Number of protein chains: 2
Amino acid sequence: MRETSSTPPEHVEIARPHRELLDQVLDKWSLQVLNELCERPSRFNELRRAIPAVTQKSLTATLRRLERNGIVERTVTSTRPVAVEYDITPLGKTLREPIDALLDWAHENMADIERARSRFNEEG
Amino acid sequence: MRETSSTPPEHVEIARPHRELLDQVLDKWSLQVLNELCERPSRFNELRRAIPAVTQKSLTATLRRLERNGIVERTVTSTRPVAVEYDITPLGKTLREPIDALLDWAHENMADIERARSRFNEEG
DNA sequence: CCGAATCCTTAGCGATACTG
DNA sequence: CAGTATCGCTAAGGATTCGG
């Protein structure tokens, strides 16, 4: 493919699998779940209490997605009643550094961002 | 606030403004737009061609959102017909480093991720 | 060329009820 | 306790059309 050079290579675009992966891992609730599990492994309802705004359905979906991608691990102990514990995997831990970089960025630049928003609203 | 200690401090959760900011800046199309504008300023239709999957509507919305947050700048030159150029701001440039860290993470760990997905699908 | 406006479809989410 | 199942809404997104 691309045997003609009519379209210049320009530069690499973001590969689709990479972007889809980040969509699955950086979505609304995943950041907060990871933030929790980086501190300590947690049970399902512990996570619900720690993230009050999430519904049971969304939390389940988020945990399944993270589990599917090897970011968190789900452990069932056959006690009575059953206990289910979620923990971050070694792979998941490697996500912490880039995510923290992002959170630091947000923290450092929030003032500038809000100034930009005010300007935009006034000029609009 | 927190005059009773019935709820232990545990640790800080992600502040809502920060999370909402990241939602606005890390969404489906913003990453690709930023990726383009980090290379060179671009006209509207240049961006459309560079990101074939984006619709005009979504690209407009993405650019407005980034502009509102001070990440990109929109310049109109009153030629005939009008030319509109989008460029990244200094603030936007500071986003590149943490985003690249994320993309590097995705690149480095994609193999592990796909192994985890296969395992998950087989066990499920 | 750069968009705004409209219509329409679909994915996502909350609410609720039920199971092992 | 830790989910699954179902329903109804609404909000995002695509396709298309129109305008400066």
Side-chain angles (χ1 to χ4, degrees), chain A residues 14 16 19-33 36-37 40-69 72-88 120-121 123-124, chain B residues 16 19-33 36-37 40-69 71-88 120-121 123-124:
Chain A
I14 302 175
R16 206 172 333 161
R19 219 224 55 237
E20 286 171 353
L21 168 59
L22 294 182
D23 283 347
Q24 297 208 350
V25 157
L26 298 179
D27 69 282
K28 184 174 180 185
W29 299 119
S30 292
L31 287 188
Q32 313 216 42
V33 168
E36 290 298 319
L37 295 186
R40 81 194 76 76
S42 303
R43 310 262 307 257
F44 187 82
N45 282 343
E46 282 182 308
L47 288 172
R48 288 192 73 173
R49 281 189 294 274
I51 311 169
V54 75
T55 63
Q56 167 271 329
K57 183 179 181 180
S58 299
L59 181 56
T60 301
T62 299
L63 289 168
R64 284 291 174 283
R65 199 167 46 239
L66 293 176
E67 188 193 359
R68 182 176 114 82
N69 287 294
V72 311
E73 187 188 21
R74 179 175 180 272
T75 310
V76 182
T77 74
S78 307
T79 57
R80 174 65 192 164
V82 273
V84 179
E85 191 169 75
Y86 293 93
D87 199 356
I88 195 162
F120 185 88
N121 291 337
E123 292 171 359
Chain B
R16 206 173 332 162
R19 219 224 55 236
E20 286 171 352
L21 169 59
L22 294 182
D23 283 347
Q24 298 209 349
V25 157
L26 298 180
D27 69 282
K28 184 174 182 185
W29 300 119
S30 292
L31 286 188
Q32 313 216 44
V33 168
E36 289 298 319
L37 295 185
R40 80 194 76 74
S42 302
R43 308 263 308 259
F44 187 81
N45 282 344
E46 283 182 307
L47 289 173
R48 288 193 71 174
R49 282 188 294 273
I51 312 168
V54 75
T55 63
Q56 170 269 324
K57 183 180 180 179
S58 298
L59 181 56
T60 301
T62 299
L63 288 168
R64 285 290 173 284
R65 200 168 44 241
L66 293 176
E67 189 194 358
R68 183 176 111 83
N69 287 295
I71 306 295
V72 311
E73 185 186 22
R74 179 175 180 270
T75 310
V76 182
T77 74
S78 308
T79 57
R80 173 65 193 166
V82 274
V84 180
E85 192 169 75
Y86 294 93
D87 198 358
I88 195 163
F120 185 88
N121 291 336
E123 291 170 0

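Being a predicted model, the structure only gives us computed values, none of them experimental. Throughout, protein chains are lettered first and strands after them, A, B, ... in sequence-line order, and every chain is numbered starting at 1.
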* **Atom-pair distance (CZ on Arg74(B); P on dC2(C)), nearest Å** => 10 Å
* To do: Find out whether Asp87(A) and Val72(A) are in side-chain contact, i.e. whether some heavy atom of one side chain is under 4.5 Å from a heavy atom of the other.
  => no
* Nearest-Å distance, CH2 (Trp29(A)) to P (dC13(C))? -> 9 Å
* Separation of Asp27(B) atom CG from dA11(C) atom C1', in whole Å? -> 16 Å
* Rounded distance in Å - OH (Tyr86(B)) to P (dC2(C)) -> 8 Å
* Rounded to whole angstrom units, what separation is found between the CD atom of Gln24(A) and the C1' atom of dA11(C)? -> 14 Å
* To do: Figure out the CG/C1' separation between Leu47(A) and dA2(D), and round it to whole Å.
  => 12 Å
* Less than 4.5 Å apart, any side-chain heavy atom of Tyr86(B) and any of Val84(B)? -> yes
* Close side-chain approach of Glu67(A) and Leu63(A), heavy atoms under 4.5 Å -> no
* Compare side-chain N and O positions of Ser58(A) against OP1 and OP2 of dG12(C) and report whether any pair is under 4.0 Å apart. => no
* To do: Could you tell me whether the side chain of Ser42(B) and the main chain of Arg40(B) form a donor-acceptor pair under 3.5 Å?
  => yes
* To do: Kindly say whether Val54(B) contributes a backbone atom to a donor-acceptor pair with the side chain of Ser58(B) at under 3.5 angstrom?
  => no
* Asked: What is the per-nucleotide protein-contact pattern of nucleotides 4-12 of chain D, from the 5' end, where B denotes a base atom under 4.0 Å from a protein heavy atom, S denotes such proximity for sugar-phosphate atoms only, and - denotes neither?
  -> B-BB-----
* To do: Could you go through the salt bridge (charged side-chain N to carboxylate O under 4.0 Å, His left out) check for Arg65(A) and Asp27(A) one step at a time?
  => CA-CA 11 Å; Arg65(A) 199 167 46 239; Asp27(A) 69 282; 3.0 Å; yes
* To do: Specify the separation, in whole Å, of atom CD of Glu85(B) and atom C1' of dC2(C).
  => 14 Å
* Asked: In whole angstroms, how far is the P atom of dG3(D) from the CG atom of Leu63(A)?
  -> 8 Å
* Asked: Does Thr60(B) use its side chain to pair, donor to acceptor, with the backbone of Gln56(B) at less than 3.5 Å?
  -> yes
* OP1 or OP2 of dC1(C) under 4.0 Å from side-chain N/O of Arg43(B) -> no
* How is Arg48(A) classified with respect to the nucleic acid when contacts are heavy atoms under 4.0 Å: base, sugar-phosphate, or nothing? -> nothing
* Starting at the 5' end of DNA chain C and moving along, which residue's nearest nucleotide shows up first, Glu46(B) or Pro81(A)? -> Glu46(B)
* Looking only at side-chain atoms of Phe44(B), point me to the closest of dA2(D), dC2(C), dG14(D). => dC2(C)
